[in-house]
Each structure stands twice: as structure tokens, then as C-alpha cells.
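Count residues from 1 along the sequence.
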Amino acid sequence: MIVLATYTCAILLGSALLFMVQPMIAKMILPSFGGAPAVWNTSLVFFQAVLLAGYAYAHLSTRLLGPRKQALLHLFILGAAALFLVQMPESYDPSESGLPVQAALLLLLLVVVGAPFFACSAGAPLVQRWFAATRHQHAADPYFLYAASNFGSFVALLAYPLVVEPALALDEQRTLWRYGFFALVALMGFAAILMWRAGNVAELSAPREQSTQQITATQRLGWVALAAVPTSLLLGVTSFLTANIAAVPLLWVIPLALFLLTYVVAFRSKPLFKSASLGRATGLAAVAMALLVSLGVSDPILVTSFAHIAFFTLAALFCHSRLAESRPDAGNLTEFYLYLSLGGVIGGAFNALLAPALFANVAEYPIAIIAALLFRASLSSRQGSIGRDAAYAIGVACVAVVAYLVSERVGIAPGPTRNIVMLGVPILAAFLSFEKPARYALSIGAILIVSLTLNTSIAGRVTSVQRSFFGVHRIVDEPTETRALLHGNTIHGRQSLILEKRHIPLTYYHPTGPMGNLFQSFQAGGKLSDVGLVGLGVGALAAYGRPGDRFTFFEIDPIVIEIARDSGKFTFLRDSRADVRMVVGDARLTLAKEPDASYDLLVLDAFSSDAIPTHLLTVEAIRMYLSKLREGGVLAFHISNRYLDLRDPLARAANALSLQARVFQDSNVSDTLREEGKTQSTWVVMGATPEALAPLGRIVAWMQLMENRPGRLWTDDYSNVVGALARGE
């Protein structure tokens, strides 16, 4: 009992520490590197690469030294890693390193967390291998401990945003993690002692493991593929959901938690499901997925999100069950996990690094769906000709394209009706090939790729699609004679196509809304000659510029600048009477380099998507913004969001800095204004003195910003996004 409890606790704690340190480090580097997705992608690749290195070390060291000597080596490595436990420098400016930003980030991660993460990452395969060397009754098949490992990761994943982050500041989190690491060292030491006392002396001393099972190259390739596809599918479904269904903060937690649970279920000592049954269920669910993706269905949000997540869970469980069924004996355990880790790195790198460079759309999601369906083919006795299967799928694609062209020709407007006409026959043809898995997978893939290429889910004519690390940007000519910039299903700007109306800023910036009201009120008094604006969109706010004014936009995505300024699709910047300047980069980093007392107004417009840049809302950030304002200057925060209420964090910051603050929630938009292109919006303004906000004093809509519920001040060391959900914290 003691043996099993010790090994289980060691593997649970090690895995929990791995999944706690990743979001903790991500939060620590925000003020230095900003919130660009490229930062997260680089961090993801770093952690996956170190995990792979840890698994490779576990495999090679056990092979060369045997479990007894290897345990001594690992205890030494754990002790050495304890000297380098998660400590950020007091201040770190990557621009001073002389390295490219990505290289500077990798170097910082290596120094701050590389050693302890490496030591922890090797724990899961090593604990299982040590357990296999004991005389315990379950030692011959230690893979159930892998389920415990993933359960530990699952608990830490949910605990960080729901428990750790709301309760503890970063310094307190680091302290908790250090104590956890020391406990892990103690548990691993005790586990090693139990192995030495209860193990087979001859096996423990063997420099190489003795196994009668021969591993083939085909098996190794299969392990890599079966690990890579669910990882790619995990990142793909997360990106698709947050961009196209609902920009819910931390939505990524749900698919990742389910991903870990599928490992727990698949690697149980007594499996609940056979992979053949799971493969069939995954295939049937793929029809619904093809329809949802192709038709662009997003409402009701709960139902469509559940459908995507359910399919992902089925597909991941299918692949992981195939892995569990193909696992080797305990003598080859560390090699098995090495190839699983390699597959995870390949799947993650494909989505995070290759896909944005290769595809204009989010094609990696349907590609992962196709790959998961193709795994059914190896289980089927009905194998057809690959040439015929491919020809059938091409025929399905051709039918869809012809139906699309005919619909355009006869004037069927973009929308559900045209999509049903276009996809009805192809979906039926794909389903009829269900019993031939390869043909079925390729046919479903053909439908997904065609619908993605033709943008069938967009209600309008898509004139341009561009992609960067920040997402997919589509320019859409809408039936209402307006042109919109879409990021997923979120509108990031809109302009009228009617010549005499194109100067009117639409959406959140309409003249009858908070921004129009603010500019009219302050400009009437001769103020706002120098304006800084974080977030460009289509440049709608430039419409408020007057001759002699200077408008400086801070935009992190060069593609957005190209769309708004150089593409000719939007004319707000070109038509502005102000002198317009662009600064490329993360707002907090670039604004910090601007001269003090430079602006009359700073507009922070970076809080309307799922990826809330909390480092732009901390008290330290707001103090820096204030230093860039002239006497009597004003800060304006755009906090429109369907899922977060950011008024309370801003109210606390205003109180802490003794600022005047007001809020304008423009939620009652008439049908006439909505048809013109206006949308609801919420804005907060702050000033150092009552006189700074005096021009708004007579306007009833600008109400005093009051804290709804008490909570902690957001700082560089503490923030709580979950607490801000739906009138939360």
C-alpha cells in the first residue's frame, strides 16, 4: 500500500507542478514581452521542447544506467534544479539584450524555469519505470500511473484560474510552487528508496533493459501520429471556438481539461471503451461537424460549442485508446513516452508555427479532423483503392463548387439557404461512403476545405483574407452597403460604402455614442490636439481628427495597419484631416518609450476580444499612461465585452491612484442606428482632477464609476480574469 501511494503521489504532484508553472510563467513575462500571440506560441514551443528533452533523458539514462544508478542521477538533477527555482529578474527589457524578441524570450525562459521544468518533465516516465522495477503486483503493467499523471495535470489546470490566480499574487504563487517542488524531491527520494529495497537487484543494476518485445519503425511512427493528431486537434478546436463561436475568456481550459481526461480514461487498467467503437462514433459525429463548420453555425452558443467539444473529445479518446492498446511492455516504457512526447511537439508546432505561415484560413482544424478519421481505415477490413477513394472525394468537392457557382449565378444571397443548396448533396455523398473509412475521411475533408476556401460561413462577399499570429482577418462587403473587418466572428471595424457616408465612424465609435460624445465635448473647448490610440481596427477614430491635430495609433499587428492604411479598402486614415502616425508593437512597451506629457487623450481600445491583455489594465500600467498625459489629460478605456465586466478593476485602479472616473454604457441602440452600422459599447474615462472631466459634467449618460463588489487591486503581480466574468469580481 505504501509503495503504490508513494508512486501515485509523486506522479500526481510532478504533473500538477508542470501545469501550474506554465500559466504562472506566462503571467510573469507579460509586462516585459507584451501579450502578442507570438509570445505564447514561442513559450508553448519552449515547454514542449523541454518536455521532449525530459522524456529523452528519462529513456536514455534508464537504458544506459539501469534503474538503480539512474535514480541516483535523477535525485542529483532534482537537487541541482532546486537551486534555480522560478525567479524573474527585478527588471527585464528584451530590447537591451541585443537579441531578437523570440530569442530573448527563449533565453529568459531557459534561465528562469528551464532546469526545474526539465526535472519535473522527466518524472512521469521515470516514476513508472521505477515502479516497474519493484515487486509490486501491478509492476508488470505500470501504465495506470500515466492516468494518474494526467489527472494531476487536469487538477492543476483547473485549479490555477479558478483557485490559485484569484487567491494568490505572483510572489505567493512562486512560493507555493517552490514548496511543491521540495515536496516532490522528498517523494522522489522515498520512491527511489522503496525501489531499491523492494526491487529485483539484477534488474536494478542492469545497464540495459531486457525485453523480448521488438519495436518496429511502423509502431514508432504510429505512436507519433496518434499523439500528434489529438494535440493538433486540441489547438485547432480551441482557436476555432474562440474566433468563430464565442470569445469566452479561458475557453481553452475546457478542451485541454477534456484532452487530459481522455488520457486518464484510455490508460485505465481496465479500459471502458474499445477503439473500434470510438472510431465509429467519431466518424458519425464528423457529419455534424462538417455541417456546423461549413454552415458557420454559431447560435445557440452553448449547443454549437458543445458539439465541437464533444467531437474533439471523441476523436481524442479514439486516438488515445489506440495508443493505450498499442503500448509496449514495461521494458520499453520510456521509449513509448519519448515518441508520445515527440508527437505532441509535432502537433503543437504544426498549429502554432507552421499553420499561420502556410494557410490563410484556419485550415489546420479540418486537417486534424481528416487525420483523426483516417485512423479508422487501419481498423477496417474493407480497404478500397486509394486512387478511387481520392477520386470520389474530388468528385464531392467538385459538386460543392459547382453548386456554389450556380447559386452565385442565380443570385442566391450568402447565407443558410445558399449553403444548404451547396452542401446538401456533397454531405449525403460523403455519408454514403461511411463504411469505407478512407473514402469517408477524404470526402468529409473535401467538404470542409471547400467551405473554408469559399468562406461559406460568412454572410457577405469576402474580398480579402489575411492571416498572422494574431488571427485571420477577413474584409467583407455586407448586404447593408457597408464594409467590415472581421476577426473570426468579431467585427473590428466597419465603414459605409456610400460615398457621402464613408466619413462617419461606425460600430463602437459612432458620433451618437460615447466616443462621439467625448470628442465633441472636448474639442468644443479647444482640447484634444494630440491623441494616442491603442488598437487600430480600420482607423475609424481618425475621422474625429481636425487640421493641426496629431493622432498616433499603437497597433501590434502589421497586417491590420496594411488593411486600414494601405489596402485601399478603408479610407478613414487617408481622409482624416489630422496628421496620422503609426507605432508598431505591444502598447505597454511602445507607449513606455514615448516622451512624457505628450498627449491630451489616450484611448485604450484593446479589451473587446477573448485574449484580455491584463497587463494593460494594472495599476502600474495606468500610472505609466498618466505620465504620458499633459496636465488635464484624459484616459479612455473601451471595455465592451459580452463575457467580462472590467468596470470593477478600473474602479479600483482609479481609487488607488486618486483619479476621477466615469462610465458610459451605450446599450440602447435604435433599429435605425443599428441599420446604419452603430453597435452597443461601454467606455470608461479617467482624469487626475474634476476639471479634467469637466466637459462631460453636464452629460447624464457619463455616470460616476463605482465599484460594484470589493476585490483586490489588479497589479503586475496580481489579476483575476475569471473573477471579472459576468459581473463577477
Which atom of Tyr544 lies closest to which atom of Gly516, heavy atoms considered: OH-CA, 3.2 Å
Chi angles and distances behind the side chain to side chain contact (heavy atoms under 4.5 Å, CB included) call for Val584, Ile561: CA-CA 9 Å; Val584 183; Ile561 296 176; 3.4 Å; yes
Inter-residue atom distance Thr512.OG1 - Lys678.NZ, 0.5 Å rounding: 3.0 Å
Close side-chain approach of Leu536 and Leu573, heavy atoms under 4.5 Å: yes
Separation of Arg546 CZ from Asp579 CG (nearest 0.5 Å): 14.0 Å
Under-4.0 Å salt bridge between Arg577 and Asp549: no
Single hit among Arg494, Arg461, Lys569 for salt bridge (charged side-chain N to carboxylate O under 4.0 Å, His left out) with Asp477: Arg461
Flag side-chain contact, heavy atom, 4.5 Å: Leu635 against Val685: no
From Ser567 atom OG to Gln466 atom CD, the distance as rounded to the nearest 0.5 Å: 7.5 Å
Expected output: side-chain Asn361 to main-chain Leu452 donor-acceptor under 3.5 Å: yes
Any donor-acceptor pair under 3.5 Å from Ser576 side chain to Phe572 backbone: no
Flag, side chain of Glu555 to backbone of Asp557, donor-acceptor distance under 3.5 Å: yes
Stepwise salt bridge (charged side-chain N to carboxylate O under 4.0 Å, His left out) check, Asp600 with Arg630: CA-CA 6 Å; Asp600 302 307; Arg630 294 173 179 153; 3.3 Å; yes
Where Ala368 and Leu233 come nearest, the two heavy atoms and their spacing: CB-CD1, 3.7 Å
Check: Arg574 main-chain N/O paired with Thr571 side-chain donor or acceptor under 3.5 Å: no
Derivation and outcome, side chain to side chain contact (heavy atoms under 4.5 Å, CB included), residues Phe554 and Leu533: CA-CA 6 Å; Phe554 298 85; Leu533 308 104; 6.0 Å; no
Short side-chain donor-acceptor distance under 3.5 Å, Thr480 and Thr482: yes
Distance, nearest 0.5 Å, that separates OG1 of Thr552 from CG of Asp530: 7.0 Å
Side chain to side chain contact (heavy atoms under 4.5 Å, CB included) between Arg662 and Leu693, worked out: CA-CA 9 Å; Arg662 297 190 182 182; Leu693 302 184; 4.2 Å; yes
Crowding at CG, Asp566 (>12 non-hydrogen neighbours, <6.0 Å): yes
Arg474 side-chain N/O to Leu485 backbone N/O, donor-acceptor pair under 3.5 Å: no
No-hydrogen, no-angle side-chain donor-acceptor test under 3.5 Å, His308 and Tyr365: yes
Donor-acceptor contact present, side-chain Ser640 to main-chain Thr682, <3.5 Å: yes
Donor + acceptor pair across side chains of Tyr599, Glu594 (<3.5 Å): yes
Heavy-atom donor-acceptor pair, Gln495 side chain to Arg502 backbone, under 3.5 Å: yes
Worked check of side chain to side chain contact (heavy atoms under 4.5 Å, CB included) between Thr672 and Glu675: CA-CA 5 Å; Thr672 301; Glu675 290 175 3; 5.5 Å; no
Donor-acceptor side-chain pairing of Arg647 and Gln665 below 3.5 angstrom: yes
Atom pair CG/CG of Leu604 and Leu591 - distance to nearest 0.5 Å: 7.5 Å
Minimum-distance pair of heavy atoms, taken over all atoms of Ser407 and Ala403: OG-O, 2.8 Å
Ring geometry between Phe551 and Phe519 (parallel below 30°, tilted from 30 to 60°, perpendicular above 60°): parallel
Gap separating the CD1 atom of Ile563 from the CZ atom of Arg565, nearest 0.5 angstrom: 12.5 Å
Gly493 versus Thr507, closest heavy-atom pair with distance: C-CG2, 4.4 Å
Side-chain donor-acceptor contact under 3.5 Å, Ser496 with Glu481: no
Heavy-atom pair of closest approach, residues Val465 and Val472: CG1-CG1, 3.8 Å
Flag if over 12 foreign heavy atoms under 6.0 Å of CZ, Phe359: yes
is_close_aromatic(Phe664, Trp702), centroid dist under 6.0 Å: yes
Check: Asn708 side chain, Asp648 main-chain N or O, donor-acceptor pair, under 3.5 Å: no
Smallest separation among heavy atoms of Asn351 and Gly236, with atom names: ND2-N, 3.4 Å
Geometric class of the Tyr625/Phe637 ring pair [parallel <30°, tilted 30-60°, perpendicular >60°]: tilted
Whether Tyr509 and Trp683 hold their rings parallel, tilted or perpendicular, with breakpoints at 30° and 60°: perpendicular
